[in-house]
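Report on one structure; see the data block that follows.
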Amino acid sequence: MHERRTPELKESSLAFVASKYFAAEAGAVVGADSLVNYRKYYADVLDIMGEHFDLNTLSVATVELLARALAGECVSEWKAQAKAAKESEKVYAAWLLRKQEGLVRKNGKAPRRVPMPPENLRGHVRTLKTISWLFTLARWGFDRLKLKRQPALPQHWGDTVTTIWTQITNRKPKVVREFHTLTEMRQLFSVRDRMDPRFENMVSVALGSRLGQTRRAMRSDLVLRPYAFARGRFTTPSGGRKKPSLEIDVSSRAERAWQKAFDTYLKPWEDRYQAREITNYHLYPGGTLADIAQSTGDPDWPCLTESYLGELFDQAEAIAGITKVAGRRFHGLRRFTRSTAARMEKDTRVLDRLIGHNVRGVGAVYEDPEDEWVLRRTYDVREEIIKKVTQKPETTNDR
């Protein structure tokens with residue numbers, strides 16, 4: 001009996017072009033954080049189209065096929081979550097009845113309640129981004145490999161996706177940008193001593209930054225040398241053209257947070273750094289705290305992965321008693337920071353510098369990036385926000 005051979009991948013196939021695109025050295029020149037998202041888009045396309053899909057055949061039909069498949073997956077996921085939520089409510093109701101009848105121990109733990117998914121089905125934006133990226137991949141392949149034609153997104157393709165999405169989900173897509181409330185932020189900051197110390201440090205010294213980028217920060221990104229009004233400067237890594245680095249002027253409060261990190265989870269690395277045995281290391285080392293406790297300060301120790309950072313975030317919210325909201329996570333902190341700052345300051349230079357954004361376009365290149373008033377005002381606004389979220393809820397109004 002002959003073994004069935006798997007057909008070889010053509011040089012224009014999805015899997016072949018993607019393997020070159022994601023290659024470490026010769027692949028696409030994009031930020032590390034963008035690559036994480038692109039790999040997710042690729043996984044979705046691969047699952048639907050298959051590894052042998054010929055990128056030379058990209059067409060309107062491809063857009064329609066992906067739109068239907070991705071919308072269908074979102075509906076299935078929503079139904080599964082809704083079913084799990086209803087089942088958990090039945091279990092909880094039964095437990096509550098038993099408790100009322102005295103059949104549950106006094107300190108008996110209530111069963112976990114799964115929240116109902118929001119009526120506004122998520123996934124429309126990701127569908128658009130996935131399809132757009134597929135055509136970007138094909139254009140990259142045309143420029144560098146052996147694709148025969150240069151693909152272009154079909155005219156009005158976004159409207160086509162939206163129409164299909166609406167038909168399959170029975171919902172008109174609506175963009176919902178979830179953010180953390182002041183009450184939730186106070187809850188979060190009130191349990192900092194019970195968080196993973198790496199996440200505690202992040203929210204203490206880099207609130208408002210893109211935490212997915214911040215996690216990759218190196219010791220060389222932190223300069224603790226007093227100047228003017230600050231104790232130093234912390235620069236988060238760049239995430240590509242659309243996700244620039246963020247410069248944070250270090251306050252005395254933040255300096256104390258850094259010193260706490262140097263004296264605890266970063267001690268093996270900082271001791272060797274100060275002794276000049278190593279020249280650099282990750283400020284947010286990966287692995288469990290038990291792993292880190294065994295470290296001898298290896299300079300090649302990797303940083304936190306984005307997925308593990310997400311787990312630490314979920315743990316912190318659970319400790320604080322905050323209900324998890326799908327799709328919010330790190331974005332909720334940035335949105336809270338930006339919206340709160342907008343009530344304190346109207347100058348867009350300050351608001352941009354606070355979260356590493358740029359709403360002023362090309363005109364910003366004519367502005368002094370080291371304008372002393374902007375730096376100082378950004379510093380003050382950040383500290384005012386920290387002061388606001390560390391106040392006890394009962395002593396202030398929740399606004």
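Because only heavy atoms are used, hydrogens play no part in the values below, and waters and symmetry mates are left out as well, while side chains stay in. For the single chain, residues carry numbers from 1 onward in sequence order.
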Does [Y] offer a backbone N or O that forms a donor-acceptor pair with the side chain of [X] under 3.5 Å?
X    : Y    : answer
T127 : G123 : yes
R272 : G297 : yes
D54  : S13  : no
R335 : G332 : no
W301 : S295 : no
E101 : L103 : no
R231 : V250 : no
T340 : T337 : no
R382 : V205 : no
N280 : S220 : yes

- [ ] Run the numbers on T162 and K172 for side-chain contact (heavy atoms from CB on, under 4.5 Å), then give the verdict.
- [x] CA-CA 8 Å; T162 300; K172 192 171 182 179; 5.7 Å; no
Task: Spacing of L246 atom CG and S209 atom OG [to the nearest 0.5 Å] - done: 6.0 Å
- [ ] Kindly compute the distance separating CG (L304) from CG (L312), expressed to the nearest 0.5 Å.
- [x] 6.0 Å
Task: Non-neighbouring partners of R126 that pass side-chain contact (heavy atoms from CB on, under 4.5 Å), sequence neighbours left out - done: K40, Y41, D44, T130
Open item on the list: W258 vs L283, test: side-chain contact (heavy atoms from CB on, under 4.5 Å). Steps then yes/no.
Closed with: CA-CA 10 Å; W258 281 118; L283 291 171; 3.7 Å; yes
Atom of [X], atom of [Y] and distance for their closest heavy-atom approach:
X    : Y    : result
A342 : L351 : N-CD2, 3.9 Å
L222 : F234 : CD1-CB, 4.0 Å
A320 : Q187 : O-NE2, 3.0 Å
T279 : Y273 : O-CE1, 3.4 Å
T166 : P173 : OG1-CD, 3.5 Å

Taking atom types as modelled, find out whether [X] and [Y] have a side-chain donor-acceptor pair closer than 3.5 angstrom.
X    : Y    : answer
S245 : T236 : no
S251 : E383 : yes
N201 : Y284 : yes

Evaluate the side-chain proximity of [Y] to [X]: yes if any heavy-atom separation is below 4.5 Å, no if none is.
X    : Y    : answer
E317 : T323 : no
L375 : E370 : yes
L66  : M49  : yes
Y42  : L134 : no
D196 : Y265 : no
V350 : W373 : yes
L354 : R338 : no
I355 : R210 : no

Task: Hydrophobic cluster (4.5 angstrom, side-chain heavy atoms) - remaining members for W95 - done: Y92, L96, V104
TODO: May I ask whether L46 and V63 are part of the same hydrophobic cluster, defined by side-chain heavy atoms of I, L, V, M, F, W, Y residues being less than 4.5 angstrom apart, directly or through others?
DONE: yes
- [ ] Decide yes or no on side-chain contact (heavy atoms from CB on, under 4.5 Å) for L211 and R334, but give the supporting numbers first.
- [x] CA-CA 9 Å; L211 298 189; R334 274 174 63 78; over 6 Å; no
Task: Stepwise side-chain hydrogen bond (donor to acceptor under 3.5 Å, both in side chains) test for T288 and D291 - done: CA-CA 5 Å; T288 65; D291 293 332; 3.0 Å; yes
- [ ] Determine, for W78 and R122, whether the Lys NZ or Arg CZ falls below 6.0 Å from the six-membered ring centre while staying within 45 degrees of the axis.
- [x] no
Open item on the list: Between Y38 and F22, is the ring centroid distance below 6.0 Å?
Closed with: no
- [ ] Determine, stepwise, if the pair T235 / D221 fulfils side-chain hydrogen bond (donor to acceptor under 3.5 Å, both in side chains).
- [x] CA-CA 5 Å; T235 305; D221 295 319; 5.9 Å; no
Task: R219 and F262: CA distance, side-chain angles, deciding distance, side-chain contact (heavy atoms from CB on, under 4.5 Å) verdict - done: CA-CA 11 Å; R219 183 62 174 85; F262 294 151; 3.7 Å; yes
Open item on the list: Applying salt bridge (charged side-chain N to carboxylate O under 4.0 Å, His left out) to R376 and D380, what does each step give before you reach the verdict?
Closed with: CA-CA 6 Å; R376 180 59 195 250; D380 288 341; 3.2 Å; yes
Can you confirm whether more than 12 heavy atoms, excluding those of [X], are under 6.0 Å from its [atom1] atom?
X    : atom1 : value
N170 : CG    : no
E372 : CD    : no
K324 : NZ    : yes

- [ ] Applying salt bridge (charged side-chain N to carboxylate O under 4.0 Å, His left out), run through E200 and R192 and close with a yes or a no.
- [x] CA-CA 6 Å; E200 176 195 5; R192 280 177 296 170; 5.5 Å; no
Task: Derivation and outcome, salt bridge (charged side-chain N to carboxylate O under 4.0 Å, His left out), residues R329 and D314 - done: CA-CA 8 Å; R329 270 187 178 168; D314 291 345; 2.5 Å; yes
Task: ring-ring contact (aromatic ring centres under 6.0 Å, His included) pairs, two or more places apart, involving residues 144-187 - done: H124-W165, H180-F313
Between the side chains of [Y] and [X], is the shortest nitrogen-to-carboxylate-oxygen separation below 4.0 Å, so that they form an ion pair?
X    : Y    : value
R328 : E178 : no
D263 : R256 : no
R216 : E306 : no

Open item on the list: Under the criterion side-chain hydrogen bond (donor to acceptor under 3.5 Å, both in side chains), I'd like the reasoning laid out for Q274 against E270: C-alpha separation, chi angles, the key distance, then a yes or no.
Closed with: CA-CA 6 Å; Q274 292 297 337; E270 184 64 14; 2.6 Å; yes
